Amino acid sequence: MSRNVVFFGPPGSGKGTQAARLAMSLGIPQISTGDLLRAHVSRGSELGRRAKPIMESGALVPDELVTEMLRERLREPDADAGALFDGYPRTLPQASSLDALLSEGGRRVDVVIFLDVPEEELVTRLLARGRADDTRETVKERLRVYEAQTSPLAQRYQQLGLLVKIDGFRAIDEISDEVHAAVAAVPVSPS
Ligand code: AMP
């Protein structure tokens, strides 16, 4: 049995926090492409050198690079029981790639958790966390990129009947309870 959950929502919506909590309780890994990319940047790999300026600008790293990185991560044995995807997919081609990668192992996306947070709150949160790529200008750009390239995924997953929209502008525990219930309610992939 394998459980594959996508956390979807704008930057600052709490995907990382909620994915980490669910990972603890289900015992399956949180896979954050942002964290994987930052690890490449800090160890100065070829991918890291290419990704760094793109990440600093608030734009998206090219699909092929991120998807290849994800393919490798999914080969690690801890992902056999499934994964919580945090920050991937971010484009329609990435969503198709994720379906393809999972189907190689007889799996599929079981549910997509959409964390809904008002834009003013996102800006406040992103500026407060003070990450290197969270300056006022990149925050604006990251939100713009989200609207243009990532938000169309909501419709895709809605049509597939996989989208569960959760109000992300509440106490963290309340959100976690709802996330947990939403994930518990869906049947898991057979393999
Ligand atoms: P995050 O930590 O998820 O906010 O990601 C930080 C940055 O890494 C993003 O602004 C992008 O530049 C890059 N990134 C992370 N995940 C992806 C992805 N799935 N596709 C393209 N770029 C990504």
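Because the structure is a prediction, the values reported are computed rather than measured. In listed order, ligands and their atoms are each counted from 1.
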Please work out whether any backbone atom (N, CA, C, O) or any side-chain heavy atom from C-beta onward of [X] is under 4.0 Å from ligand 1, and answer side chain, backbone, both or neither.
X: Arg131; result: side chain
X: Ser32; result: neither
X: Val66; result: side chain

If you draw a 6.0 Å radius around CD in Glu119, do more than 12 non-hydrogen atoms from other residues or ligands fall strictly inside?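 Not buried by this count: 12 neighbours or fewer within 6.0 Å.
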For atom 14 (N) of ligand 1, what is the closest protein heavy atom, and at what distance to 0.1 Å?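 In this structure, atom 14 (N) of ligand 1 has Leu37 CD1, 3.4 Å as its nearest protein heavy atom.
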So which heavy atom in the protein is nearest atom 21 (C) of ligand 1, and how far is it from that ligand atom?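 Of every protein heavy atom, Val61 O, 3.2 Å lies nearest to atom 21 (C) of ligand 1.
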Out of Met55, Glu141, Lys52, who is nearest to atom 7 (C) of ligand 1 when you count heavy atoms only? Met55
Measure the acute angle between the ring planes of Tyr146 and Phe8, then classify it against the limits of 30° and 60° as parallel, tilted or perpendicular. tilted
Between Asp86 and Gly16, which heavy-atom pair has the shortest distance, and what is it? OD2-CA, 3.3 Å
Lys15 near ligand 1, heavy-atom distance under 4.0 Å?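 Outside the 4.0 Å threshold, so no.
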If the contact criterion is a heavy-atom separation under 4.0 Å, does Ala51 count as touching ligand 1? no
Stepwise, does the side chain to side chain contact (heavy atoms under 4.5 Å, CB included) test hold for Arg107 with Asp80? CA-CA 10 Å; Arg107 311 176 192 185; Asp80 286 351; 4.2 Å; yes
Treating Gln94 as the side-chain partner and Arg90 as the backbone partner, does any N or O pair qualify as donor plus acceptor under 3.5 Å?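 Yes; at least one donor-acceptor contact below 3.5 Å.
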Closer than 3.5 angstrom, by distance alone: can the side chain of Arg142 be matched with the main-chain N or O of Gly58 as a donor-acceptor pair? no
